[in-house]
Structure formats: structure tokens, C-alpha cells
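Some notes on the structure that comes next.
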Amino acid sequence: MAGTQKATNRPHASAITEHITEKGYESPHLARSAQVQHNLEHQHLWTSIVGEVIPGQAGDSNTLEKDPHQPPQEPIPLLSGYPPHRVYTHPDEQLYMLENGIREDDLEPQRMFVVPTTQGQPWTLRHMAAVFDRLPEFKRKAEEHDRSVNPTSMQPGASGLDPQKAEKLAQYYDKKEKARLTKEWGSQSLLLAMVDKGMGGDGTVAYYVVHEGEVKPRQN
């Protein structure tokens, strides 16, 4: 009796699985970061995405627990890029824009930072503090990257605008820089990306806005 050959047709791997396999990521946090980057690029249309890694802190776990300023032991991946629309605007900044007739479309794109995580991953305030502590450094590096790609990318554009609108935009950017130093329009913020990888998880990525310190509530 002739033997029969069973069909071995398997579903094709997803684009992100092929991407991770092709790149050969050796650590889970890099594979997670690649999945979130793929989602940002192809589902949310982010551009100019760059990645960083905050190294883990080797040492005695008891010492690390007693000192909240010590970074976590495991490395933390960090992504940044330009979303097609602003992710968050502080209420006072939003009020200033309304009072001066400034629309979001008038403004230059704003780079946003993202921390990739997975559902159920242990996450503490120490993790978040480590990210916010390093954020100014990564912002400077991202600005240098943008300048190397486009030397005029960090200069507010006013071409094609009437003189009155151009003057309002110049005043806005001056006000924004002062507000950054005084934290009048809030402190640092980022997105926490959470990948659903639990039992039955479909790899959906949810994003949460996280602020450093207290945030002024919005008024409806």
C-alpha cells in the first residue's frame, strides 16, 4: 500500500515576524522594540524613527531597591519619531494657540518618545524615572540626527505665511521655549506602548500618554 503524504501547508508568517527573524534579534527587548516600531511605521504612519537602549544596572538587587535613583537591572528600549499629528497638547498651550489663532497644521512636526513594553511585564516607578532621567540626552541626540538629515529641520518654517501669522508663530515658539524651562506647559511626557502577548493575545499595541509629575486636568 503506497504511503500517503500529509499536507504540510502552514500559514505564512506575519510581516513583523519575518522582520524580527530576518534581523536576528538576540534579546527579547530588541524584538519587542522592533514590533512596536513596525506598528508605528505601518499602522500609525510615523516617520524618522530612531531607537535607543537604556542599559541595565548590574549590582546587588538589595542595593538597587534601597536607592530609587539607580536604574533597573534590565535594559529599557526607547523609540522616537514623528507622528502625523500631535499626540498631546498641554491645556494651557492649547488655550494659547486658540487665543492667537494658531492651528496644529501651522506647527512644525514634534518628535515623540515611546517606551515599548508587553502586557504583564513588571514595570515600576524606577523604570519610568530611569527613562525620564535620560530623556533630555536622547532628545539632544535626536535633534542632532535630524540636523544631519536636514539642516533646516529644527528651524520653525514660516514660508508661504502672511506676515501676521509668521509673527504669531515666532512668538509661539519663543513662548514654548520659555515654558519648557519653567514647565509652565507641563514637564516631559512620552508614550508607553503595551503589546498584547498574553495567552490568546493577538499582538495588538495600545499606547498610553505618561507624564513626569502632576498634570493639569482639562476643562470640557
Exercise. Can you list the steps and then say if R111 with E143 is a salt bridge (charged side-chain N to carboxylate O under 4.0 Å, His left out)?
Worked result: CA-CA 9 Å; R111 182 174 284 277; E143 289 175 359; over 6 Å; no

Problem set entry | Hydrophobic cluster identity match, Y96 and L107, side-chain contacts under 4.5 Å |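 The answer is yes; both residues are in one hydrophobic cluster.
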
Exercise. Are V205 and Y88 connected, step by step, through hydrophobic side chains (Ile, Leu, Val, Met, Phe, Trp, Tyr) whose heavy atoms are closer than 4.5 Å?
Worked result: yes

For this session: Output yes when a side-chain donor or acceptor of S187 lies under 3.5 Å from a complementary backbone atom of K183, and no otherwise.
Result: no

Problem set entry | Side-chain (Q121) to main-chain (T118) donor-acceptor, under 3.5 angstrom |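 Such a contact is found between Q121 side chain and T118 backbone.
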
Greater than 12 external heavy atoms within 6.0 Å of [X]'s [atom1]:
X    : atom1 : result
K139 : NZ    : yes
L125 : CG    : no
Q164 : CD    : no

Could I get the full list of side-chain hydrogen bond (donor to acceptor under 3.5 Å, both in side chains) partners for [X], not counting sequence neighbours?
X    : value
S48  : none
E99  : none
H211 : none

Problem set entry | By salt bridge (charged side-chain N to carboxylate O under 4.0 Å, His left out) - contacts of E104 (at least two apart) |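 E104 satisfies salt bridge (charged side-chain N to carboxylate O under 4.0 Å, His left out) with no residue once adjacent residues are dropped.
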
Exercise. Residues in side-chain contact (heavy atoms from CB on, under 4.5 Å) with M194, at least two apart?
Worked result: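 Expected list: T117, Q119, Y208.
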
Problem set entry | Listed once per pair and sorted, the salt bridge (charged side-chain N to carboxylate O under 4.0 Å, His left out) pairs that draw on residues 79-92, sequence neighbours left out | R86-E93, D92-K216

For this session: Check I49, T47, V36 against E41 for a side chain to side chain contact (heavy atoms under 4.5 Å, CB included) and give me the one that passes.
Result: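 Looking at I49, T47, V36, the match for E41 under the side chain to side chain contact (heavy atoms under 4.5 Å, CB included) is I49.
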
Exercise. Given the rule in the side chain to side chain contact (heavy atoms under 4.5 Å, CB included) test, do T89 and M97 qualify, once you have shown the distances and angles that lead to the verdict?
Worked result: CA-CA 10 Å; T89 302; M97 292 169 61; 4.3 Å; yes

Exercise. Is any NZ, NE, NH1 or NH2 atom of the basic residue among D106 and K168 found under 4.0 Å from an Asp or Glu carboxylate oxygen of the other?
Worked result: no

For this session: Determine whether the side chains of S148 and H145 contain a donor N or O and an acceptor N or O closer than 3.5 Å.
Result: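 No, H145 and S148 have no side-chain donor paired with an acceptor closer than 3.5 Å.
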
Roughly how far, to the nearest 0.5 Å, is [atom2] of [Y] from [atom1] of [X]?
X    : Y    : atom1 : atom2 : result
L190 : F132 : CG    : CZ    : 4.0 Å
S189 : H90  : OG    : NE2   : 10.0 Å
E177 : Y173 : CD    : OH    : 12.5 Å
S80  : L135 : OG    : CG    : 9.0 Å
L40  : Q35  : CG    : CD    : 11.0 Å
N100 : L95  : CG    : CG    : 9.0 Å

Contact check, side chains of [X] and [Y], non-hydrogen atoms, under 4.5 Å:
X    : Y    : answer
F138 : I54  : yes
V115 : M128 : no
Q188 : F113 : no
W123 : I76  : yes
L79  : W46  : no

For this session: Tell me, with the steps shown, if W185 and K175 meet side chain to side chain contact (heavy atoms under 4.5 Å, CB included).
Result: CA-CA 10 Å; W185 288 349; K175 172 69 174 178; 3.4 Å; yes

For this session: Looking only at non-hydrogen atoms, find the nearest pair between G81 and P83 and report the distance.
Result: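 Nearest pair, atom of G81 first, then P83: O-CD, 3.4 Å.
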
